[in-house]
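Atoms considered below: every heavy atom in the structure, side chains included; atoms not considered: hydrogens, waters and symmetry mates. Numbered from 1 within each chain, the chains take letters A, B, ... in sequence-line order.
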Amino acid sequence: MNAVQDRLRSYGPWALLPVALIALGALYPQYGESLGDLWLVGDFIPSVNSMVIMIVFTMMAVGLNMVVGYAGLLDLGYVAFYAAGAYTAAWFASQQFDQWTFHFGSVGISEEVPGIHLSLWLVLIIAGIFTALAGILIGLPTLRLRGDYLAIVTLGFGEIIPQVVRNGDNVFGFDLTHGTFGISPIDSPGFGSIGESLGLPLSYQQSFERAQWFYWTALALLLVTIFCSVRLRDSRLGRAWIAIREDETAAAAMGIPLMRTKTWAYAIGAFFGGVAGAFYASFKSGAFPADFYFNISVFLLCMVILGGMGSIWGVVLGGMILGYLNVEGLATIGSEVQGLPAPGGFLWDDWDWFEPTKFQFGIYGVIIVLMMLLRPEGLIPERRHKIELELGVADTPFYDTQHEAADTDREPKND
Amino acid sequence: MAASALMDTFDRLRKSSVTALVGYALLGLVGVWLVGNFVQDPREFIQVGLIGLTTGLIFGLVALGYTLVYGILQLINFAHGDVFALSGLVASTMIVSWLGLERDASVLAILGGMLLTLIVIMALFAVVNTTIEFVAYRRLRRAPRLAALITAVGMSFIVQNISLAMYDVNVRSVPSFIPRSEAFALGGISVSWNKLAIVVITLPVLALLTWFVTSTKQGKAMRAVAQDTEASAMMGINVNRTISVTFAIAGALAGAAAIVYLLQFNMRYDTGFELGLIAFTAAVLGGIGNLSGAVLGALVIGFVQAFNEGLTWYTPGSDWTRSIVFGILIAILVFRPEGLLGERTPEGA
């Protein structure tokens, strides 16, 4: 406890900033709506529902940051984990498997409803564990590969899994994923009748304040993710990740088991992606194969890069900014600009060409390239990563595809 | 922990010959499947194989672009597939709107127009690709490799959205002025004109590329830079110019591939993304950095795709093509990471 106090003291008044931010965030449903009446900026204030989506994507970005930012493993298929989480929620909290009827802690639905219905709190954990296992399975054969090969293999998994989901309505006669229709509706979280007596909603879906309960839950999940992320970064495992990111050969020489450490990065990163995916599926009350495509992976990567690889607060900031642009911002900007008078004359007579939502991925592409060229350390840089970018590191990895794994006395490669 | 135990098991598996056995077993299954299909209907088998050959050649032209750039910069140029799509869209405009080629135009006009389009598009996209390298990748040459790779992903989205801005989401095609009718038949197997055209255009381009890389001074410089950048700089090779030339060649190949692709298929702004991934898989399959490997890998992928979509005996069908292609990619990286023709070094053409 003393150590914590010392650390807090060393931050001085800045230690209050996160507390203030959390308080401000938690009260958002109370004042968010009235902000909409503000002059000029009022139209740009996101609704509580949009905030839920922003927070869920930020949570995934924080999870991805553990893989990309801490361990330096470029994962271009994070959407696979999101999909795995969403479908786990769909399997364990919907009428998908109506040949069985099994209820455990489900809220807001009658006991006679067929299908597997577990308490959604339990489902979140199951989704996390299932996705972490999926991460390990994907990681085991691929994590030996050199960085760019790893990127392309994860991309491959990110492409395979949506297709498997889409075609999974007839796995040897068994309807696993309900094909292109997706699975819907999915149960919502809630506190059951015990919670109800304490003034908490029985089921979010049936509550009058659905949005704000989902919002608070999302915020709590995000805070837990951030907390785990901070603690992991400072843990033995996290320091091993950063060591691997900075110099794989040196890390291995110091006795860090490369494969195991990298696989943990994958598993833990996947865990949070799975929880976020399951929660989002419950919020949307559905899991649809069309939601899981490559662009989502790049979108999440863009959040990490914008904020600063390895920097938790940076990633949260980047995630909220891009999440906002994705959910509401670009559409609002588009309609606001289209409401302006056109310059006419030599220039354009109308604003019809101005469609930021249509070109959103182009905009993210521009952000990625500009950040990489101009400020590769991100908006809120992580100190160590910044030094790394400025001084440069020996970037030849220990394991690569050309040299077999057992090749420990590799010659330094001078490129 | 279960996870650790799993990892240990995997470590042991990898070091033993079990992996190799599994690999050969998989290959054997594919062999059985192919032979089974051949026995079912030999004529159909060869007909489908021809489709595979032509798509494989198109993949090959794109895959060469990936492998050339990777050989010299160790960079997966994600934007390459989108450059391919953009060049195809521009080519369709050129053929349809600027040149106004019609289906019933004279043979001479069609041949001349196609040749002109080929030259203009190849030159134009050589410039475009070089510009991309100059703007986005050159400054990152000394940065960590992840930085360049991420930039390439960003560039891919930018180029794709340029296509989207120019051509919207509409599908583009050119009139089928190269008829799909039978050119000649060999033992009951018919070969159509447009398939023939693909072979007639692709093979000279491949021959030209081989000649360039093996016999010209610039080609030798490319191979030298791929082998050792610093040493070649010390020998007086202009590394920056050599890299620019490599990107120019890759862009020109993408242009040629797009025109050949247009002869058979429609194009859209996002055609390049998926085709680019397939082509990249082909390059890895053949051994990335290896030119003949890229073509061989592309042919294999072309056959796999055609057989999967065209055969009938125990075939997964087109719903699974993407999964199969990426499954091959993952299997290759697990079982034989250096690729079919790859050597133990990534360098060398």
For [X], is it the side chain, the backbone, both, or neither that has a heavy atom closer than 4.5 Å to a heavy atom of chain A?
X: B:L164; value: both
X: B:L277; value: side chain
X: B:R322; value: both
X: B:V284; value: side chain
X: B:A152; value: neither
X: B:I150; value: both

Please classify the contact between [X] and chain B as side chain, backbone, both or neither, with a heavy-atom cut-off of under 4.5 Å.
X: A:I160; value: both
X: A:L374; value: side chain
X: A:V68; value: neither
X: A:M309; value: side chain
X: A:V298; value: side chain

Measuring from atom [atom1] of [X] to atom [atom2] of [Y], what distance do you get when rounded to the nearest 0.5 angstrom?
X: B:T321; Y: A:Q163; atom1: OG1; atom2: CD; value: 7.0 Å
X: B:I162; Y: A:F359; atom1: CD1; atom2: CZ; value: 10.5 Å
X: A:E159; Y: B:T281; atom1: CD; atom2: OG1; value: 10.0 Å

Exercise for the section: Would you indicate whether the side-chain heavy atoms of B:L146 and A:R245 approach each other to under 4.5 Å? Expected result: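 Not touching, per the 4.5 Å side-chain cut-off.
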Practice task
Side-chain contact test, heavy atoms from C-beta onward, threshold under 4.5 Å: evaluate it for A:L76 versus B:F78 and give yes or no.
Solution key: yes
Exercise for the section: Show your reasoning for whether side-chain contact (heavy atoms from CB on, under 4.5 Å) applies to A:L155 and B:F280. Expected result: CA-CA 12 Å; A:L155 202 165; B:F280 178 77; over 6 Å; no
Selection from [options] maximising heavy-atom pairs under 4.5 Å formed with chain B:
options: A:I161, A:L301, A:I368; result: A:I368
options: A:N167, A:V369, A:L373; result: A:N167
options: A:Q360, A:M372, A:R166; result: A:M372

Practice task
Evaluate the criterion ring pair (Phe, Tyr, Trp, His ring centres under 6.0 Å) for residue pair B:F157 and A:Y364; output intermediate values, then yes/no.
Solution key: CA-CA 8 Å; B:F157 276 86; A:Y364 304 148; 8.3 Å; no
